[in-house]
Number of protein chains: 4
Amino acid sequence: MRPDVRRNLDALLTAAAEIFETDGVDAPVRRITARANVGAGTLYRHFPQRADLIAAVFRREVDACAEAARAFSAQEEPVEALSRWLRHFARFLAAKRGLKTALHSGDPAYEGLPEYFQQRFVPVVAELLDAAAASGGIRSDVAPYDVLRAVADIVAPDDDGYTQRLLTLLIDGLRYRGG
Amino acid sequence: MRPDVRRNLDALLTAAAEIFETDGVDAPVRRITARANVGAGTLYRHFPQRADLIAAVFRREVDACAEAARAFSAQEEPVEALSRWLRHFARFLAAKRGLKTALHSGDPAYEGLPEYFQQRFVPVVAELLDAAAASGGIRSDVAPYDVLRAVADIVAPDDDGYTQRLLTLLIDGLRYRGG
Amino acid sequence: MRPDVRRNLDALLTAAAEIFETDGVDAPVRRITARANVGAGTLYRHFPQRADLIAAVFRREVDACAEAARAFSAQEEPVEALSRWLRHFARFLAAKRGLKTALHSGDPAYEGLPEYFQQRFVPVVAELLDAAAASGGIRSDVAPYDVLRAVADIVAPDDDGYTQRLLTLLIDGLRYRGG
Amino acid sequence: MRPDVRRNLDALLTAAAEIFETDGVDAPVRRITARANVGAGTLYRHFPQRADLIAAVFRREVDACAEAARAFSAQEEPVEALSRWLRHFARFLAAKRGLKTALHSGDPAYEGLPEYFQQRFVPVVAELLDAAAASGGIRSDVAPYDVLRAVADIVAPDDDGYTQRLLTLLIDGLRYRGG
DNA sequence: AATGAATGAGCGTTCATTCAT
DNA sequence: CATGAATGAACGCTCATTCAT
């Protein structure tokens, strides 16, 4: 990859990351290109769909977030590992203004985005749930996707207290069994 | 209030209700005024903020939804009454395309909207929670507002299965108590 | 119609006529609105399709051109009347830069335009052809539409000599009969 | 000429021919370079003007079309040879989407194009006209260029019926003499 | 009080052309 | 010589809001 291309790509990803942080993921395209000092065409060349840019911007962080599950699994007992990681995942989402909305918007501009995130995160939460269920700490009839989506729904970037309380409630729901 | 003013107001509310149902609450203003056979200025006179129109449109239904809690309380035991009403409330939100998003969007156009809904619904859910806690069916350390907001977060108009499963999980979380 | 609306409409039609003359009928919309000192929306309100604007701009002139056939019919013998009017029609088209191309472009922006022009002109040329054929001056097996289209094809705004020579040839073709 | 240069040139010509066939002669440049697996700069090096590319692409076919006149002249009597060749020429143009329009568009991108085609075709039609006039089958006061241009004007790729009828009329015009 | 025409900034997107690599 | 990434002006169009009528 040519160095100037690399430079432009980096500039775009950096600019997009900053803009996404402050303005959310559906900020005007022009703001990103302006910040990156790059023509509009350059952005469209690298990221024909807005979803492609979002995915690219968050890919590393997504991977890191997914990886974190291993550490929790290794260090904590299963239910605690699950709990920790869900909170970790919530923080991840909270930092991405507008991502939550985009994920379930149905807007064609975001096509492919939910799929990408699911592919990465569903296995992670599935494993955590299985381990916790195997340990007898939670019930085993809850789908990984539901949990993932629930956390995404519940995240409130501006109200961490609420998010934490709801996560507790959600995990308690997983712990609850009939009786 | 002059009769023609009254007529215009009614036309606007009716039109907006229909448009909101089909196109969601951030449908173009013009579609509403066109359907109501009313000038754009007339709408802005009565509802300076889009939130005002939404609140007005849904006021009656909000009231009805809140009232329904009484019936549930009278007919069911406390936890069941709570559960029933939360599902009722979820259906109410599911029917209002885009309302959920608008409620937490932070968009200045929707200023005042969350407050209005809270004023009406928080007391309702507070009462249901208190009764259920008093009966020993659920714990007592969960804030009404949190529950309300959680249901709004969780509602998925196009995926009732998910909504129902999550409501179950949420209520189970309320039932869970430490041990 | 309110006077300001009338004024804007006039400004638009005048501006469009001027722009069409110099830049052709697919000049950028913005150039027209700029010249008319009018917002883009105003143009779109009155003329949702570009074809609508073109039709409106040329309507009066189209009518005048069609009407002219009467005078020729009244004053000249049939074949001469036909000949004169075809040249008149050619001049009309020559003055409308790009109209010819637009008429047969298939571009959806020009939808409805050919139809409008045909509706107006086909009867005119049909009558002229019939009269000329009745007088024995030309053959009777040529379709009005073909003649109309042929003239449109042949018109060369920048080369009146060519246009005139070809018109002669075309009319001679009409005069020719087998032997 | 270096073999790689030759290869690129061939690829460009082949690609352009295919694209012109399907998308017309003002298809985006990029589509051509992409199909040829060649950089944009390579195209611009060889064909600084779009017209240069068009001329190069059609050169062989132009030559073949011009050559065909000889065969007609040899096999048919003069007027018939003329008639046949004009229809042949019309088919040639009809197959080149957008060429007709480009020829008389005045667009600077097509600069030089008309000249190239004239150089090749005018002598051909001149000879055919002369022969036909010499045989007494047609008049002798019509310029070759006019006939050529008229055919180009008249060609309608999507309406062969019209094209044929107009060609007949045109040739009849040539046959007509005063009378 | 009501109208609804007008505004015009703002959007996403395309594409001929240039020029660093 | 060739590449192909980058440019960036230009386009058509939308729509919340204002304000002359």
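All chains are named by letter (A, B, ...) in the order of the sequence lines, taking the proteins before the strands, and each is independently numbered beginning at 1.
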Distance check needed: [N] [atom2] versus [X] [atom1], whole Å only.
X: C:Leu43; N: F:dT14; atom1: CG; atom2: C1'; result: 14 Å
X: A:Ile32; N: F:dT7; atom1: CD1; atom2: P; result: 15 Å
X: A:Asp23; N: E:dC11; atom1: CG; atom2: C1'; result: 15 Å
X: C:Phe47; N: E:dA5; atom1: CZ; atom2: P; result: 13 Å
X: B:Tyr44; N: E:dA1; atom1: OH; atom2: P; result: 19 Å
X: A:Arg6; N: E:dA20; atom1: CZ; atom2: C1'; result: 18 Å
X: B:Gln49; N: F:dT17; atom1: CD; atom2: C1'; result: 12 Å
X: C:Tyr110; N: F:dG12; atom1: OH; atom2: P; result: 9 Å

Handout entry: DNA chain E: 5'-proximal contact among B:His46 and A:Asp4 (nearest heavy atom)
Key =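 Between the two, 5'-proximity favours B:His46.
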
Handout entry: Residue mapping more 5' on DNA chain E - nearest nucleotide basis, C:Val38 or B:Arg2
Key = B:Arg2

Exercise for the section: Sort and list the pairs that fulfil ring-ring contact (aromatic ring centres under 6.0 Å, His included) and have at least one residue in residues 31-63 of chain B, not counting sequence neighbours. Expected result: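 Sorted result for residues 31-63 of chain B: B:Phe20-B:Phe58.
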
List, with names and distances, any nitrogen or oxygen atoms from the protein found under 3.5 Å away from nitrogen or oxygen atoms belonging to nucleotides 9-11 of chain F.
none

Exercise for the section: Could you tell me whether B:Asp23 and B:Arg31 make a salt bridge, using a distance below 4.0 angstrom between a side-chain N and a carboxylate O? Expected result: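 Yes, this pair counts.
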
Problem - Salt bridge flag under 4.0 Å for residues C:Glu21 and C:Lys96 - result: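 No, no charged N to carboxylate O under 4.0 Å.
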
Handout entry: Under 3.5 Å donor-acceptor pair, C:Arg45 side-chain atoms to E:dA5 base atoms
Key =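 Pair found.
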
Problem - N or O in side chain of C:Thr42 less than 4.0 angstrom from E:dA5 OP1/OP2 - result: no

Problem - Any D:Asn8 side-chain N or O less than 4.0 Å from OP1/OP2 of F:dC1 - result: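 Answer is no, no contact under 4.0 Å.
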
Handout entry: C:Lys100 side chain vs C:Val155 backbone, donor-acceptor pair below 3.5 Å
Key =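 Flag set: sc C:Lys100 to bb C:Val155 pair under 3.5 Å.
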
Handout entry: Counterpart residues, side-chain hydrogen bond (donor to acceptor under 3.5 Å, both in side chains), relative to B:Arg120 (two or more places apart)
Key =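 Here the qualifying residues are B:Asp63.
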
Practice task
Tell me, please, which residues at least two apart from D:Arg7 pass side-chain contact (heavy atoms from CB on, under 4.5 Å).
Solution key: D:Asp4

Practice task
Determine whether more than 12 heavy atoms belonging to other residues, nucleotides or ligands lie under 6.0 Å from atom CZ of B:Arg59.
Solution key: yes

Exercise for the section: Please say whether more than 12 non-hydrogen atoms of neighbouring residues, nucleotides or ligands are located less than 6.0 Å from CD in C:Glu111. Expected result: no

Exercise for the section: With sequence neighbours excluded, tell me which residues meet ring pair (Phe, Tyr, Trp, His ring centres under 6.0 Å) with C:Phe117. Expected result: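 Testing C:Phe117 for ring pair (Phe, Tyr, Trp, His ring centres under 6.0 Å), a comparison that skips the adjacent residues, returns none.
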
Completion exercise
Counting only Watson-Crick and G-U wobble pairs with both atom distances below 3.5 Å, the stems of 3 or more consecutive pairs that include DNA chain E are E:2-21 with F:2-21

Practice task
Scan C:Asn37 against the nucleic acid and name what it touches under 4.0 Å (heavy atoms): base, sugar-phosphate only, or nothing.
Solution key: sugar-phosphate

